[in-house]
Amino acid sequence: MRFMAGLLLTMAAAMTPWPGVAASSDLAGRQTDAEQQQAALRERIDALQQSLEDREAERSEAADALKASETAISRINSRLRDLAADNERAEADLAGLEKQIGVQQQTLKRRRTELADQLRTQYASGLSPWTALLSGDDPQQLGRNLGYLGYVSRARAASVTALRQDLDRLADLQGQADARRADIQRMVTETSEQKTELVAQQSERATLLAQLEGKIAAQRAEARKLGRDDSRLSTLIVDLEKAIAEQAEAARRAEEARQRAEAVRLAQEARLAEEARVKAEAQRKADAARAAEAAKAEAARVEQAAKAASQASRDQAARDVAQAREQVEAARARERSAVALGDWDSLRPIDQGGVRVAPAPPARPVDPPARTTPATPPPAASQVSNDDDEASTQQQATRRAPAPAPSQGNGLRHGLTAPVRGTVQGRFGVDRPDGGVWRGIVLRANAGTPVKVVAPGTVVYASWLRGFGNLIIVDHGKQYMTVYAYNQSLLKQVGDAVAAGDSIATVGSTGGQVESGLYFEIRYRGTPVDPAQWLAL
């Protein structure tokens, strides 16, 4: 029965996940949730982009002809950047593998030298099992020689095994090195192809730009066009905020559903643990009752045995007394017989102790063995581990914190580092020379200069937009967003979490711009705010 109780406790413990398993499954769950949220956000942004393109389809502008080439240039530059990083890692891996190969070759050389020395020494000494057996030497000396040969043989076998392992390790390293060389060659080939395509796309863009320069300049001078661009960006940001809010609401509902499911699971586990504890407690009480009954029966048996032993002792004492009396009567009879024969010399008072009748020893009562009070059984393991289970449950609940919303930021603060270093063109709220009002700033910088994100957040838009070229928008939380436009290439995609200072794009002149630079805006609740109040310019 104790085995059954232990089995129940083991089953209850098996239903509770180990801390390490719970931590790993919790981490995997978090990663899965994050990937699902990222995929859902991308789907929403793709639908928003398609809706935006559908709304703009009936209106065409000269700069639209640049969309394909500028998008391709952005994609190719991003791929070239990835290839450069992959190639750098592959070169580092190859260098490490070649270093390991050199070390392994030295080890292999040392192993071969050791094996050759062993064989040479054995050959020079003439030691072999057959020559030793046929030598006719003293058997004791022969036994010692065979023992030495055994040591030598085992050492040689170990050297051969180590040599084979070293050869296998060297072959494995050579295979890895060859694979990395093939990867590097493939990346070099792809890089060359991408560069060729990049040159072709840049040439096509330059040709289109030259053909459309007049139309673009004319459209750029139209105040209506600027107004449409501002309206387009504002509409996009409003749509993004709506999509982000919907995503956050969906994430909140999913988190609530997960928490409810988690609560149900924990309640189920607690119920099963309580049932196991109750069963174990009932089993313990039944075992204790049976132990008490067994102890009571044992005590009765001991008491009966004590009574039987006491009765036997009294019977033995009575027999001893009867025997002593018989001896006394026999002595007295001998005395009377001696007097009748006239043996007067021998007539003496018979010492009453002549036949000493030792008093029968008092019967020693057999002490019944002390009743052993059955030891109180230790508390059931389920009772001991109950608190640990509750603590473990609390730890699991603590580890499984709610999944974060799409935004990874905590708003913006003043004194932010500018996304690029460059000359500031235009001031917020000031009239633009070509009409309209500045809603952000343009930081003039060389094409290809890395664009740094100003604060932590999540990329919520990364695509080409009419009037702004390759555009990337980052949500920083608390209804703050930053806008980066005119980029040559975009290095992040929708759903990517970014930290302050991460490179998210490179400076360019896309969207029909003449000079390279970065157009930067800060939006709060969809409304533009003065970047100069936030940046440390």
Side-chain angles (χ1 to χ4, degrees), residues 33-34 36-56 227-256 402-414 416 419 428-429 437-441 451 453-485 487 490 492-500 502 504-505 511 519-531 533-535:
D33 291 342
Q36 290 176 350
Q37 289 189 19
Q38 191 176 34
L41 181 61
R42 286 176 180 171
E43 289 179 1
R44 291 177 183 273
I45 301 305
D46 289 342
L48 189 153
Q49 176 72 18
Q50 185 62 43
S51 175
L52 182 64
E53 291 178 356
D54 292 341
R55 290 198 301 266
E56 297 287 333
R228 287 196 301 270
D229 291 346
D230 291 338
S231 175
R232 187 180 301 113
L233 182 59
S234 297
T235 301
L236 173 62
I237 290 178
V238 169
D239 291 342
L240 287 173
E241 289 181 339
K242 183 179 178 181
I244 292 170
E246 291 176 353
Q247 178 71 11
E249 179 63 20
R252 185 188 64 79
R253 289 195 298 269
E255 178 61 22
E256 288 179 352
S407 175
Q408 300 292 328
N410 194 27
L412 297 179
R413 57 176 177 77
H414 293 278
L416 300 171
F428 179 81
V437 176
W438 287 107
R439 295 178 178 271
I441 58 175
V451 176
V453 66
V454 297
T458 303
V459 176
V460 294
Y461 189 85
S463 185
W464 192 92
L465 182 68
R466 178 184 292 175
F468 297 92
N470 291 321
L471 174 69
I472 190 166
I473 300 177
V474 179
D475 175 29
H476 300 283
K478 296 186 176 180
Q479 297 183 303
Y480 282 97
M481 290 186 180
T482 50
V483 179
Y484 310 79
N487 299 291
L490 306 177
K492 300 293 182 181
Q493 58 180 340
V494 172
D496 288 348
V498 292
D502 285 353
I504 59 174
Y519 178 72
F520 177 74
E521 277 191 17
I522 296 179
R523 297 262 178 157
Y524 176 63
R525 294 183 177 177
T527 303
V529 296
D530 186 4
Q533 301 297 323
W534 296 84
L535 298 178

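Residue numbers count from 1 along this sequence.
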Are any non-hydrogen side-chain atoms of Asn410 and Lys478 less than 4.5 angstrom apart?
yes

Start with the C-alpha distance between Glu241 and Ile237, add both sets of side-chain angles, then the distance that settles side chain to side chain contact (heavy atoms under 4.5 Å, CB included), and finish with yes or no.
CA-CA 6 Å; Glu241 289 181 339; Ile237 290 178; 4.3 Å; yes

Centroid-to-centroid, Phe428 to Trp534, below 6.0 Å?
no

Distance from Arg523 atom CZ to Arg439 atom CZ, nearest 0.5 Å?
6.5 Å

Is there a side-chain contact between Leu471 and Leu233 (heavy atoms, below 4.5 Å)?
yes

Which is it for Arg252 and Glu249 under the salt bridge (Lys or Arg N to Asp or Glu O under 4.0 Å) test, yes or no, and what are the steps along the way?
CA-CA 5 Å; Arg252 185 188 64 79; Glu249 179 63 20; 2.3 Å; yes

For Asp475 and Leu240: C-alpha separation, side-chain torsions, deciding distance, then whether side chain to side chain contact (heavy atoms under 4.5 Å, CB included) applies.
CA-CA 9 Å; Asp475 175 29; Leu240 287 173; over 6 Å; no

How many angstroms lie between atom CG of Leu490 and atom CD1 of Ile472, to the nearest 0.5 angstrom?
5.5 Å

Heavy-atom closest pair, residues Asn487 and Ala505
OD1-CB, 3.4 Å

Side chains of Ile522 and Val454: does their closest heavy-atom pair fall under 4.5 Å?
no

Minimal heavy-atom distance between Ala462 and Lys492, with the atoms involved, is CB-O, 3.6 Å

Within a strict 4.5 Å, meaning less than it, do heavy atoms of the Leu416 and Pro531 side chains meet?
no

So, taking the atom named CG in Asp496 and the one named CG in Asp502, what distance separates them when rounded to the nearest 0.5 Å?
10.0 Å

Could you grab the distance from atom CD of Glu521 to atom OG1 of Thr482, nearest 0.5 Å is fine?
10.5 Å

Evaluate the side-chain proximity of Met481 to Ile244: yes if any heavy-atom separation is below 4.5 Å, no if none is.
yes

Got Val483 and Phe468 here, is their nearest side-chain heavy-atom distance under 4.5 Å?
no

Ala455 and Ala500: which non-hydrogen atoms are nearest, and at how many Å?
CA-CB, 3.9 Å

Looking at Tyr484 versus Tyr519, is the centre-to-centre ring distance below 6.0 Å?
no

